[in-house]
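Below is one structure, written out as structure tokens; comments come after it.
Just follow the structure's listing: the first ligand is 1, and inside any ligand the first atom is 1. From a predicted model like this one, the values you see are computed outputs, not experimental measurements. The first residue in the sequence is number 1, and the count goes up from there.
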Amino acid sequence: MTPKIPAQPLIEIKNLRKVYQTPAGDFTAVNNLDVEVKRGEFVAIIGKSGSGKSTFINMITGIDRPTSGEIMINGAPVHSFNEAQMAAWRGRNLGIVFQFFQLFPTLTILENIILPMELNDLYTKSERKERAMHLLEKVEMTAQANKLPSTISGGQQQRVAIARALANDPPLIVADEPTGNLDSKTAEKIFSLFEDLVASGKTILMVTHDSDLARRVNRTILISDGEIVNEYLVRALSRLTQDQLVEVSRRIKPQIFQPNSSIIRQGEVGDKFYILLDGKADVFLSQPGGSEILVNQLKRGQYFGEMALLGGGLRTATVKASQDAEVSVAALDERAFNSLTKASPQLREELLGLIEKRNIYNQLQMVSSLNQKALSSILSETQPVTFESGHEIIKQGDVGSSFFLLLDGHVDILVKDEFGNEDLVNHLSKGSYFGEMALMGDTRRQATVRVSKGRSAKVLELNVQEFEKITDSSEKFKSDIRKVAGVRRKEIESSRMRKVQK
Ligand code: ADP
Ligand code: MG
């Protein structure tokens with residue numbers, strides 16, 4: 001196999017700065033910006049008005065020139081071009097879409113699209129017209145080809161502007177608030193045109209103030225006071241508003257952990273919430289014997305440490321920097337975390353949902369040592385169910401066809417004699433399972449399982465196929481469950497014996 005060579009990014013920006021000289025003194029509009037954009041990415045650039053978005057974008061298009069720093073696009077050193085080089089390069093490599101469309105008012109729609117091909121001396125005369133019509137078809141504007149821009153709506157003008165941006169088939173499209181002057185329905189149409197372009201291989205940088213649109217692209221770059229807010233922080237906390245994100249970014253200090261070192265330890269009191277900014281982190285669960293099993297690997301843009309802060313207070317797992325590289329995390333102390341989850345119910349809800357998923361995942365993992373793929377496939381198909389106190393989850397004598405994992409609460413295991421007298425043979429708590437006996441040869445339920453008095457119980461019910469998926473993919477689970485079923489059979493047996501002797 002030939003080793004994979006990572007493709008050169010389409011855009012590489014290093015240390016980009018723009019300082020404006022104003023009567024009041026120097027004003028830094030863009031400061032120390034570093035960005036890489038890969039081919040085929042759809043990047044949204046968001047931030048408050050005046051944060052430097054247009055200044056940034058205008059340095060890419062050459063409308064504005066950097067005070068210092070490098071801009072490499074498709075291998076070209078754009079920052080060092082003179083005006084003539086810039087114009088020639090831009091004509092063939094960039095499609096630009098503006099907020100106010102900027103079509104030539106005295107040219108027809110068709111002529112507007114042909115113009116960039118003429119200016120850059122691309123294609124033959126007949127090809128230009130054919131190509132322009134084809135592009136108009138793409139944006140559903142052929143019927144308007146011979147009209148003047150002033151006679152069509154804003155949304156239609158923007159569609160024409162997109163067709164114009166595509167005239168010379170550039171790899172990169174740059175758009176500054178392309179939907180800023182359109183109603184939301186028209187904006188949606190323009191956005192989906194952009195999505196089609198990305199699907200066809202184009203790379204798009206789009207400044208937008210529309211957070212909902214920004215959430216739907218591959219990457220979001222948030223600019224605050226001319227600087228980029230860490231992208232992985234933004235990704236991890238995508239539920240927050242822009243203001244909240246900026247506020248959090250000011251409060252956190254990145255911390256570095258050496259490869260293999262522990263960031264949090266299972267059983268310890270948790271007082272911080274972590275967002276992974278760089279590197280990978282491994283999640284381990286301690287097993288009763290003292291050994292640790294790897295249950296998950298976290299990538300940048302994911303967070304951890306939320307379970308102790310929103311749950312019982314103790315760390316439920318150990319998280320270590322992975323072996324191969326150091327890890328950078330943003331740590332948020334408990335107070336900051338609490339004020340954040342209070343300020344953002346959306347974030348709180350997301351965290352609670354994730355906690356539930358991670359809890360189930362960890363428990364399944366503990367009983368079965370399943371690989372992550374098998375686990376994920378099981379968890380994608382099943383939802384936990386909550387039963388009230390006193391509810392009979394399994395009835396003795398019934399034909400059994402499912403297996404249960406107790407995620408939370410307690411259940412009693414009861415055996416009835418022929419006179420209907422119940423004998424409590426066992427009491428299970430969180431992390432145990434039941435229902436395996438009927439799936440391992442007994443067919444009829446040998447005992448009743450009832451939610452213990454006082455509180456509800458949450459269970460994950462797996463059907464026979466899912467149960468077999470676990471037993472087939474985990475030797476440990478297979479042998480453990482055989483042992484457990486054997487012991488339980490004996491417990492039930494001895495309960496019956498006691499009754500007979502009475
Ligand atoms: P955004 O697009 O995010 O709204 P801009 O990039 O247009 O922000 O502007 C960023 C900051 O730079 C603003 O404070 C703006 O006033 C300032 N600025 C932009 N252009 C100039 C200029 N030519 N001279 C001085 N200041 C400027
Ligand atoms: Mg702007």
Side-chain angles (χ1 to χ4, degrees), residues 11 13-35 37 42-71 73 78-79 81-83 86-87 90 94-103 154-155 157-158 161-162 165 172-184 186-187 190-191 194 203-215 217 219-231 233-234 238 240-250:
I11 305 177
I13 292 172
K14 289 199 191 101
N15 232 331
L16 188 66
R17 272 169 67 84
K18 177 72 188 181
V19 181
Y20 287 113
Q21 263 106 43
T22 71
D26 284 0
F27 177 79
T28 306
V30 163
N31 198 13
N32 295 327
L33 230 89
D34 289 301
V35 193
V37 177
F42 190 172
V43 182
I45 298 164
I46 59 171
K48 274 201 178 127
S49 174
S51 57
K53 305 180 296 295
S54 293
T55 305
F56 168 48
I57 279 276
N58 290 347
M59 287 191 279
I60 290 177
T61 57
I63 294 171
D64 234 329
R65 309 315 293 268
T67 305
S68 62
E70 278 182 21
I71 303 176
I73 302 179
V78 172
H79 56 279
F81 284 162
N82 63 30
E83 291 308 320
M86 189 74 219
R90 179 168 49 208
L94 264 193
I96 308 177
V97 179
F98 302 93
Q99 181 175 356
F100 296 103
F101 330 127
Q102 263 126 319
L103 300 172
Q157 288 188 55
Q158 196 59 305
I162 291 171
L172 177 63
I173 311 283
V174 174
D176 195 348
E177 310 241 15
T179 63
N181 199 36
L182 303 173
D183 63 80
S184 62
T186 315
I190 296 296
F191 182 75
F194 279 139
T203 306
I204 298 183
L205 291 188
M206 177 185 74
V207 174
T208 182
H209 62 271
D210 186 331
S211 309
D212 291 335
L213 289 187
R215 260 185 257 278
V217 305
R219 283 175 66 189
T220 302
I221 292 179
L222 170 59
I223 300 188
S224 164
D225 290 339
E227 297 186 13
I228 292 183
V229 175
N230 187 291
E231 206 177 320
L233 180 83
V234 173
S238 66
L240 297 186
T241 64
Q242 289 180 24
D243 286 347
Q244 288 169 333
L245 278 166
V246 168
E247 168 89 25
V248 173
S249 77
R250 292 206 176 114

> Between R65 and E83, is a salt bridge (charged side-chain N to carboxylate O under 4.0 Å, His left out) present by the stated rule, with each step listed?
Replying inline: CA-CA 10 Å; R65 309 315 293 268; E83 291 308 320; 3.1 Å; yes
> Between D176 and K53, is the closest basic N to carboxylate O distance under 4.0 Å?
Replying inline: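 Here K53 does not pair with D176 in a salt bridge, since their nearest N and O are not under 4.0 Å apart.
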Cut-off 3.5 Å, no hydrogens considered: what does the side-chain donor-acceptor table look like for residues 223-231, sequence neighbours left out?
| from | atom 1 | to | atom 2 | distance (Å) |
| --- | --- | --- | --- | --- |
| D225 | OD2 | R250 | NH2 | 3.4 |
| E227 | OE2 | N31 | ND2 | 3.1 |
| N230 | OD1 | Y232 | N | 2.8 |
| N230 | OD1 | L233 | N | 3.2 |
| E231 | OE1 | R219 | NH2 | 2.9 |
| E231 | OE2 | R219 | NE | 2.6 |
| E231 | OE2 | R219 | NH2 | 3.3 |

>> For a quick check under 3.5 Å, do N58 and T55 share a side-chain donor-acceptor pair by atom type?
In response: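 Distance-only check fails for N58 and T55.
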> Looking only at heavy atoms, which two atoms of P178 and V97 are closest? And how far apart?
Replying inline: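 Residues P178 and V97, closest heavy atoms: CB-CG1, 4.0 Å.
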> For L182 and G154, which heavy atoms make the closest approach, and how far apart are they?
Replying inline: CD2-C, 3.6 Å
>> At a threshold of 2.8 Å, where the distance has to be below it, does the Mg ion (ligand 2) have an N, O or S atom of Q99 nearby?
In response: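 No N, O or S atom of Q99 is closer than 2.8 Å to the Mg ion (ligand 2), so no.
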> Hey, which residues fall under 4.0 Å of ligand 1 on heavy atoms?
Replying inline: Y20, T22, F27, A29, K48, S49, G50, S51, G52, K53, S54, T55
